[in-house]
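These numbers were taken from a predicted model, which means no experiment stands behind them. Every number for a ligand or one of its atoms is a count from 1 in the order of the listing. We use all heavy atoms of the structure for the numbers below, so side chains are in, but hydrogens, waters and symmetry mates are not. Along the sequence shown, residues are numbered consecutively beginning with 1.
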Amino acid sequence: MDVTTETPVENILKNKGLPEGIWTQCKECEQLFLQKDFEENFMVCPKCGYYTRVDPKKRIEFTVDKGSFKEMDSGLTSVDFLNFPGYADKLKKISKPFLKDAIITGEAKVSGYNVIIGVMDFSFMGGSMGSVVGEKIVRAVERAIKKKCSLIIISSSGGARIQEGILSLMQMGKTNAALAKFADNGLAYISVLTDPTTGGVAAGYAMLGDVNIAEPGALVGFAGPRVIEQTIRQKLPEGFQLSEFLEKHGMIDSVVERKNMKDALTKVLKFFVKK
Ligand SMILES: [Zn+2]
């Protein structure tokens, strides 16, 4: 999946020779904002309320105590073991120093509570779950068991990574088995679902939290609505697969605004963990 990262405003600024990174534009209502003001509003549009997707670096900044994040397993990179056409080149092209695959994991503190946290990035091949994503999650779970601390995974994914075939699907079983072991240890796993969380990730670890919290308006589901409509030959209800609908029907525990997410996580940690 190709993701366009350049917004119209970046084009305008480039053409006018103005510095980038000062202004930003809402992708929904196209209103211009100072980048600083937009980030202070957790990258939610102050005008129309649109939730801009957040990269893992920013998400970590929004979620954990300042300076507490220590990345783990940053050296793991995907391998094109199936010789899938174009995969090796694509990996080379999109790999960034801070993001070598679709998830970042590490140790951190949330309001003083020790946690292991994983944050997915949709801009890296649609946040798809390949071998590296699965391996990093399993290592994160094992570290949390060893340190007897809680686990937070913030998901954003289109599902399995087709370029890794069956080994991508295998990550579902592998991560689920690790989480079952984690649950046997009586530790707390909080899953945060952001837009979009679909496919094998939604059908796996993203829905297995002791508490599952979603951002407002997030698309969460296994198959897309068109595929379901064609399969069951029925019209789907309004808002189907959006987080509010899922909360109403008991599929997730709560819908929490981004600005309140750290407080919500703190409350859950306080409930589960003796400090
Ligand atoms: Zn807007």
Side-chain angles (χ1 to χ4, degrees), residues 1-64 66 94 96 98-99 102 104 119-128 154-159 191-199 201-202 206 212-221 224-226 236-248 251-265:
M1 186 182 299
D2 283 319
V3 179
T4 308
T5 49
E6 199 160 82
T7 62
V9 74
E10 280 164 344
N11 273 326
I12 297 165
L13 295 176
K14 212 183 279 170
N15 293 337
K16 288 190 175 172
L18 295 169
E20 288 174 46
I22 292 181
W23 293 93
T24 195
Q25 186 180 37
C26 171
K27 284 192 169 71
E28 184 69 16
C29 73
E30 300 192 344
Q31 174 81 32
L32 278 175
F33 297 99
L34 278 170
Q35 178 77 25
K36 189 177 136 287
D37 292 346
F38 201 64
E39 285 177 10
E40 272 171 17
N41 206 41
F42 297 91
M43 301 183 70
V44 176
C45 176
K47 191 182 170 202
C48 74
Y50 178 75
Y51 271 59
T52 303
R53 283 183 190 149
V54 183
D55 68 59
K57 211 172 176 177
K58 201 51 59 207
R59 180 72 73 171
I60 288 165
E61 200 183 302
F62 290 161
T63 312
V64 310
K66 203 173 174 189
I94 58 174
K96 304 171 219 164
F98 188 69
L99 192 71
I104 288 176
V119 182
M120 299 191 76
D121 185 353
F122 194 76
S123 76
F124 194 102
M125 299 193 73
S128 53
I154 303 178
S155 292
S156 173
S157 173
S191 173
V192 177
L193 303 106
T194 70
D195 183 68
T197 298
T198 59
V201 171
N212 298 315
I213 304 171
E215 284 195 335
L219 177 76
V220 177
R226 206 176 46 192
L236 295 170
E238 185 77 22
F240 181 72
Q241 291 182 316
L242 292 185
S243 46
E244 291 78 4
F245 185 95
L246 298 177
E247 182 192 33
K248 199 172 156 199
M251 286 287 286
I252 56 170
D253 298 300
S254 187
V255 176
V256 172
E257 285 186 48
R258 193 176 284 163
K259 64 175 189 225
N260 300 327
M261 192 58 84
K262 189 173 179 183
D263 285 347
L265 292 172

[X] and side chain to side chain contact (heavy atoms under 4.5 Å, CB included): which single residue from [options] fits?
| X | options | answer |
| --- | --- | --- |
| Glu247 | Val256, Val255, Asp253 | Val255 |
| Phe122 | Pro196, Ser155, Ser157, Ser128 | Pro196 |
| Ile154 | Val192, Ile60, Ile213, Ile104 | Val192 |

Contacts of Asn212 that satisfy side-chain hydrogen bond (donor to acceptor under 3.5 Å, both in side chains) - sequence neighbours left out =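 If we apply the side-chain hydrogen bond (donor to acceptor under 3.5 Å, both in side chains) test to Asn212, skipping adjacent residues, there are no hits.
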For the Zn ion (ligand 1), report each protein N, O or S atom nearer than 2.8 Å, sorted by chain and then by residue number.
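Near the Zn ion (ligand 1), below 2.8 Å, one finds Cys26 SG, Cys29 SG, Cys45 SG, Cys48 SG.
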Original post:
How long is the span from the OG1 atom in Thr197 to the CD atom in Glu215, to the nearest 0.5 Å?
Top reply: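 Thr197 OG1 to Glu215 CD: 9.0 Å, rounded to 0.5 Å.
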Check: Shortest non-hydrogen contact from Phe42 to Arg258?
Finding: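 Reported closest heavy-atom pair: O-NH1, 2.9 Å.
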